[in-house]
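This report concerns only the one structure given below.
Note that the numbering runs from 1 along the sequence shown for the chain.
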Amino acid sequence: MSNYKFPILFFIVFVLGISNIFAQKAKGDVKHPILSLDDQRKFDYYFYNALNAKSIEQYGSTYDFLQYCMKIDSTNANVLFELGNFFNSIQNKDRAYTYYKRAVGYDVDNFYYNMALAASSAERQDYKDAALIYQKLINQNPLKIELYMYLSEVYRLDGDLLNSIQALNDLERTMGMNEKITIQKFKLYSALNDKKKAYAEVQRYIDKYPDDIRYYILLANLYLQDGKNKEAYASLSKAKSIDPEDPYLITSMANYYQTVNDQPKAEAELRAALFSEKTDIDTKIGILSQYIGILQQGQQDLEPAHLLLDSLMVEHPQEAKFNLLYGNLLMLQDKKKEANFQYRVYAESDPTNPVGWEQLLQSTDVDSIDALIDVCKSAIVYLPEEPLFYFYLSVGQYQKKEFKEALKTLENGIVFAKDNPRLLSEFYGQKGSIYYELKQQDSAFVEFDQALKYNPQNLGVLNNYSYYLSLAHKELDKAENMSSITIKAEPTNPTYLDTYGWILFMQGAYTTAKIYLENAVKYSEEKEKEVSAEVLEHYGDVLYMMDDKENAVVYWEKAKEKGSESKTLDQKIKTKTFIAPNPEK
């Protein structure tokens with residue numbers, strides 16, 4: 001059975017045994033209607049079909065079947081829960097909450113319904129309600145460790161830090177000591193300004209593992225964050241007595257000196273390791289990488305790392321690994337042009353290593369198609385069996401509308417991708433897009449099918465394939481199934497929402513189509529700050545079919561203002577009538 005997607009913090013696992021899908025017992029004083037045999041048969045039929053449609057990810061049909069169930073028995077908790085899942089999957093949180101609450105009202109002890117309601121309550125910032133539900137579930141399921149984490153989090157979000165800590169203490173009694181729990185408790189005690197208890201949490205690990213350098217460094221870094229520099233130095237000194245050459249210790253010592261505004265000693269600490277003849281190049285790279293990470297995490301100036309890298313590059317002029325690291329540092333600062341130069345030095349110094357060419361691709365300006373093509377062609381000269389560069393070369397040629405050349409490039413490169421199913425899927429998907437541009441629709445669909453054999457979850461292919469099928473008025477059930485996978489994976493992606501809504505529209509499921517197309521407009525405005533002409537026209541189409549003709553024309557006119565290339569849009573606006581697209585054109 002396929003699950004709808006929930007926010008990761010409030011992860012819910014939905015498992016219903018088939019033996020009790022249709023059975024529902026009244027809880028407490030709640031009464032359910034007694035259905036006639038005929039109504040019960042209808043209800044079971046519709047609910048079974050709803051679950052079947054959900055299992056093959058046809059969410060439009062799922063919603064319609066659940067609505068039929070509601071007309072027969074609006075008190076059935078299973079139906080209410082599934083409707084809550086449906087609205088949660090399309091980000092309609094208020095309606096999801098309403099259905100979850102009703103489901104729990106009719107089945108108060110159901111674990112999954114309560115989990116969904118607690119998660120929904122927390123998203124609505126009803127933290128006290130969420131906490132009560134999680135506490136009830138813990139009482140019923142004391143060994144489910146995730147419940148303690150959820151309870152602690154909602155207490156924290158509600159500002160009840162003592163109870164948040166207590167929930168973590170209860171969890172530790174269940175599962176034992178855990179570093180992540182300890183760090184979280186440290187943060188909570190720190191927020192309460194109870195530093196003594198905060199540091200005691202880390203000290204427990206030092207007491208238990210006195211020879212493990214990690215915990216001394218961790219404690220020192222926490223002291224530094226709180227401005228306890230003397231305590232930090234003492235802890236680092238203890239770590240140094242255990243392993244003075246530990247790379248992370250060296251960077252932590254440098255961070256300490258930098259924190260106390262002793263830049264010379266910070267540099268001296270790093271230079272002692274970085275410029276020692278005993279330190280090999282890879283260790284130097286590791287130390288400097290960790291140092292850059294510390295600076296970045298602390299949102300500190302990256303200039304000291306620049307200076308050290310400059311010196312190392314003078315010290316080791318033939319060691320291009322430093323150019324690679326320098327390129328990475330520049331990318332952190334969003335200096336793509338400068339990074340591109342460093343990556344090119346690295347790539348040309350070791351041209352048979354794909355890493356340099358791959359980094360060159362990453363740092364190439366997205367608008368510079370010729371530069372992209374140049375990098376790929378250069379890489380192919382030295383790495384003729386690396387399929388990735390053929391793929392991106394074809395992307396550049398596709399963008400320049402050199403479709404036949406792009407197709408030839410893909411044919412040349414695909415033979416080297418046989419051991420990489422995901423990349424093979426991208427190759428076939430790209431071939432499908434090219435054939436579609438060449439007006440060879442049947443060949444395009446064959447390539448899309450092949451792409452999905454290698455990666456059934458290729459979202460780009462699923463979206464394009466399903467949309468092209470809908471434009472051709474072909475295999476709409478197949479198109480809906482494919483498109484539903486994309487919105488399950490990315491429920492706020494405007495492109496995927498538009499495709500799915502349009503397919504439902506083509507199937508005549510206008511009520512459900514409107515929900516998805518409305519969300520496509522909403523998330524286009526929120527995420528992309530601009531709604532495409534295509535989305536606007538589709539939304540106008542569904543408004544027309546929902547007998548909101550005045551607003552339909554408004555959205556058609558908006559689509560025209562956006563520069564729509566639709567062949568029927570002008571006629572729609574002129575006649576104020578929906579005109580179906582011609583699949584032959």
Side-chain angles (χ1 to χ4, degrees), residues 1 3-17 20-21 23-32 66 70 74-175 178 180-181 184-185 188 191 491:
M1 184 178 296
N3 296 329
Y4 293 96
K5 185 174 182 180
F6 288 81
I8 197 165
L9 177 63
F10 299 105
F11 172 62
I12 298 170
V13 181
F14 174 38
V15 180
L16 283 179
N20 67 353
I21 281 179
Q24 178 175 297
K25 295 180 181 179
K27 304 289 183 180
D29 296 329
V30 176
K31 294 182 179 180
H32 299 279
L66 291 173
M70 285 289 287
S74 62
T75 70
N76 187 282
N78 294 323
V79 174
L80 294 166
F81 177 64
E82 286 294 345
L83 282 167
N85 287 344
F86 171 81
F87 283 107
N88 193 58
S89 74
I90 61 172
Q91 305 297 304
N92 190 331
K93 301 299 183 179
D94 289 338
R95 294 192 71 179
Y97 171 80
T98 299
Y99 281 112
Y100 289 144
K101 190 169 185 178
R102 289 177 63 188
V104 170
Y106 289 115
D107 194 350
V108 295
D109 292 327
N110 185 288
F111 178 82
Y112 304 104
Y113 302 172
N114 277 279
M115 284 290 284
L117 180 59
S120 186
S121 297
E123 288 189 327
R124 291 163 52 88
Q125 299 183 9
D126 296 335
Y127 300 125
K128 287 183 173 57
D129 290 346
L132 288 172
I133 298 169
Y134 285 130
Q135 189 61 65
K136 179 183 77 171
L137 291 173
I138 287 172
N139 294 339
Q140 296 170 346
N141 307 272
L143 297 181
K144 286 188 176 293
I145 61 175
E146 70 273 16
L147 293 174
Y148 298 91
M149 297 297 292
Y150 298 151
L151 179 60
S152 176
E153 181 64 6
V154 293
Y155 276 137
R156 184 190 70 81
L157 292 170
D158 197 34
D160 189 349
L161 303 187
L162 288 175
N163 271 322
S164 181
I165 293 169
Q166 184 58 50
L168 294 177
N169 287 336
D170 293 341
L171 175 57
E172 280 194 321
R173 281 192 285 273
T174 301
M175 67 176 294
N178 179 281
K180 290 182 179 179
I181 296 174
Q184 182 64 11
K185 287 168 69 178
L188 291 168

Do S74 and R102 have side-chain heavy atoms sitting under 4.5 Å apart? yes
Using side-chain heavy atoms (C-beta onward) and a distance below 4.5 Å, is N88 in contact with E123? yes
R156 versus N163: any side-chain heavy-atom pair under 4.5 Å? no
Tell me, do L137 and K144 make a side-chain contact under 4.5 Å, heavy atoms counted? no
Looking at every non-hydrogen atom in both residues, tell me the closest pair between S120 and Y100 and how far apart they are. CB-CD1, 3.8 Å
Any side-chain donor paired with an acceptor under 3.5 Å for N114 and Y134? no
Might you work through the side chain to side chain contact (heavy atoms under 4.5 Å, CB included) test for Q184 and M149, ending with a clear yes or no? CA-CA 10 Å; Q184 182 64 11; M149 297 297 292; 5.9 Å; no
Positive for side-chain contact (heavy atoms from CB on, under 4.5 Å) with M115, one of L147, I133, V104: L147
Can you confirm whether the side chains of Y113 and N78 place a donor and an acceptor under 3.5 Å from each other? yes
F111 CZ to N141 CG distance, which is reported to the nearest 0.5 Å: 5.5 Å
About how many Å separate CD1 of I145 and CD1 of I138, when rounded to the nearest 0.5 Å? 11.5 Å
When rounded to the nearest 0.5 angstrom, what distance separates CG in N85 from CD1 in I90? 12.0 Å
Please tell me if the side chains of Q166 and D170 come closer than 4.5 Å, counting only heavy atoms from C-beta onward. yes
Sub-4.5 Å side-chain heavy-atom contact between M70 and L83: yes
Are there over 12 heavy-atom neighbours, none belonging to K136, within less than 6.0 Å of that residue's NZ? yes
Would you say the side chain of D107 lies within less than 4.5 Å of the side chain of Y112, judging by non-hydrogen atoms? no
So which atom in K180 and which in N178 form the shortest heavy-atom distance, rounded to 0.1 Å? N-OD1, 2.9 Å
Taken to the nearest 0.5 Å, the spacing of I181 CD1 from N169 CG works out to 9.5 Å
For a quick test of reading the model, state the closest non-hydrogen atom pair linking L188 to S152 and the distance between them. CD1-OG, 4.5 Å
Closest non-hydrogen atoms of Y127 and A122, given as atom of the first, atom of the second and distance, are CE2-O, 3.4 Å
Gap separating the OG atom of S164 from the OH atom of Y155, nearest 0.5 angstrom: 9.5 Å
Give the ring-plane orientation class for F87 versus Y99, where under 30° counts as parallel, over 60° as perpendicular and anything between as tilted. parallel
Drop me the distance from R124's CZ to L117's CG, to the nearest 0.5 angstrom. 9.5 Å
Side-chain contact, heavy-atom cut-off 4.5 Å: Y106 with N76? no
